[in-house]
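Comments concern the structure below.
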Amino acid sequence: MLEKNISELHDLLVNKKVTSQELVDEALKKSHEVQNKYNAFVTICDDAKGTKVTDNLLSGIPFGVKDNYSTKDVLSTGSSNTLKNYVPFYTATVVQKLFDAGAVMVNKTALDEFGMGGTGTTCHTGAVLNPWDKTRMCAGSSAGSACAVASGVYPFALGSDTGDSIRKPAAFCGIVGFKPTYGMLSRYGLFPFASSLDHCGVLTRSVLDAAIVTDVMKGKDKNDMTSWDSSHIHLQEALTGDIKGKKLFYIKEICDINNYPKASQELKSHLDNFLSTLELLKEKGAIIEEVSVDQNLLNAIASVYVVISCAEATSNMSNLTGIIFGPRSDKQNVFDMMKEHRTIGFSPLIKRRFIIGSYVLQKENQERYFKNAARVRRLIVDKMKELFKEYDALILPVSSGPAKKFEEDSDIIDDNTNVLEEHLQIGNFGGFPSITIPNGFINNLPVGINITGNCYDDENVLNIAYTLESVMSYKGQIAKEDK
């Protein structure tokens, strides 16, 4: 039943073909099955109850919440041992809006610790396995949400995106991942990683469902001063399927196979697949053009992201001392208590990022590293905004191919494909709306295509994705593990 989309489930509920409790029970049953196979969850809410069905499309429908969102009276760990027993006293704004709409939370999904990772392997509950192939990762950090939606546990789950943490897991799991313009969704109640880059968002199995859920969650929030009034934006209504005359561009330096001397067959197939998909957009009336961007700017994307995100994370997480909340050490000296808490509680990857962040923020290093990274970020954003004056959206392949095997992960950027792997971070640098949708298969594994537009142009971005999705056969697909 839960393999259906939101509108189909709503019709069944309204016509009393199924009850909300039956959907919740099915989602809980599937949650345990998926947990046993792929380790996608931190908490399964076995006491979840169905709700009253109203005119709201989300009423009575189960969903999942990434475990870095505060949920009152429900364990919220950020997938970190430092918060392994933390139960908040309030609920994040976007989650509360879903509750108010009548949606039912049935689980909290696993993530890379505090969202700081792209593999789904640093969750304190263990690595999340890809439902298409358990030897491969889901990417991260929204690994559990992507795995659950792809497995048919429910039609949507919440994620967060600081560099590509919704959009890349969506690609690797064959589903849709959308992060709207920065501030459209309140971040109140989302555990902060890098505040200038963090976006709330959603993972679904169709563009329409992404629009439906985002329409419910969006809006100005007095508890988040970066949120803005989006009441004039109606994402679901904007899905017309008409993109005649829309101009899109792709970046030559990223999509030219000649720039990858070590290209694998997977990469070659991925880029060929991408160029073939562009022809589908042209058939719908879109204009597609190749644009050249300074390679130096592109090469700087990953470094800029590391410097800024690590610096902001170091500041944001300075409160994780083991004194205010989290497991408390039995050391007698307060400094020894904090040292033990942060030494034992954090994974090596997190500690490495904190060290980087502290280093680039030191007075003698700020000019060379942190301030320079901020300047280059501005150059990248300005270049994109210049292009968005002429074009409606940027379209690019996601990653260098399908999900990587676990043994292939070294947490080291490959010079051959680093720009192709990291370019989604542009969407976070500028706060741009950005969506990933499925774009076929390579070696029976899903790959994705990404569309990014100018700030506040979310309706246009979603409509382009919706139109492209309509001429492909990957909407609503459920992961089928290769036995």
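Computation of the quantities below employed the complete heavy-atom set of this structure, encompassing side-chain atoms and omitting hydrogens, waters and symmetry-equivalent molecules.
Qualifying side-chain hydrogen bond (donor to acceptor under 3.5 Å, both in side chains) partners for S318, counting only residues two or more places apart in sequence or in other chains: none. Taking F429 as the reference, nothing meets the ring pair (Phe, Tyr, Trp, His ring centres under 6.0 Å) condition, with sequence neighbours excluded.
Distance check: I166 CD1 to S141 OG gives 8.5 Å after rounding to the nearest 0.5 Å. Separating the CG atom in N68 from the OG1 atom in T77 is a distance of 9.0 Å, to the nearest 0.5 Å.
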Listing, residues 83-90 side-chain donor-acceptor contacts under 3.5 Å, not counting sequence neighbours, or none:
none

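A salt bridge does not link R353 to E113: none of the charged side-chain nitrogens sits closer than 4.0 Å to a carboxylate oxygen.
Summarising the geometry of V106 relative to P62, their closest heavy-atom pair is CG1-CB, 3.7 Å, with the distance given to 0.1 Å. Scanning both residues, D112 and T119, for their nearest heavy atoms gives OD2-N, 3.1 Å. Residue F41 comes nearest to N107 through the heavy atom pair CE2-ND2, 3.3 Å, listed as atom of the first residue, atom of the second, then distance. In terms of heavy-atom proximity, T125 sits nearest to A110 at OG1-CB, 4.1 Å. F346 approaches R342 most closely through the heavy-atom pair CD1-O, 3.2 Å.
Using modelled atom types, no side-chain atom of E3 and backbone atom of I478 make a donor-acceptor pair closer than 3.5 Å.
Under the side chain to side chain contact (heavy atoms under 4.5 Å, CB included) test applied with R167, the options V176, L203, N428, V398 reduce to a single match, N428.
Using the six-membered ring where Trp is involved, F441 and W132 have ring planes that are perpendicular, over 60° apart on the 30 and 60° scheme.
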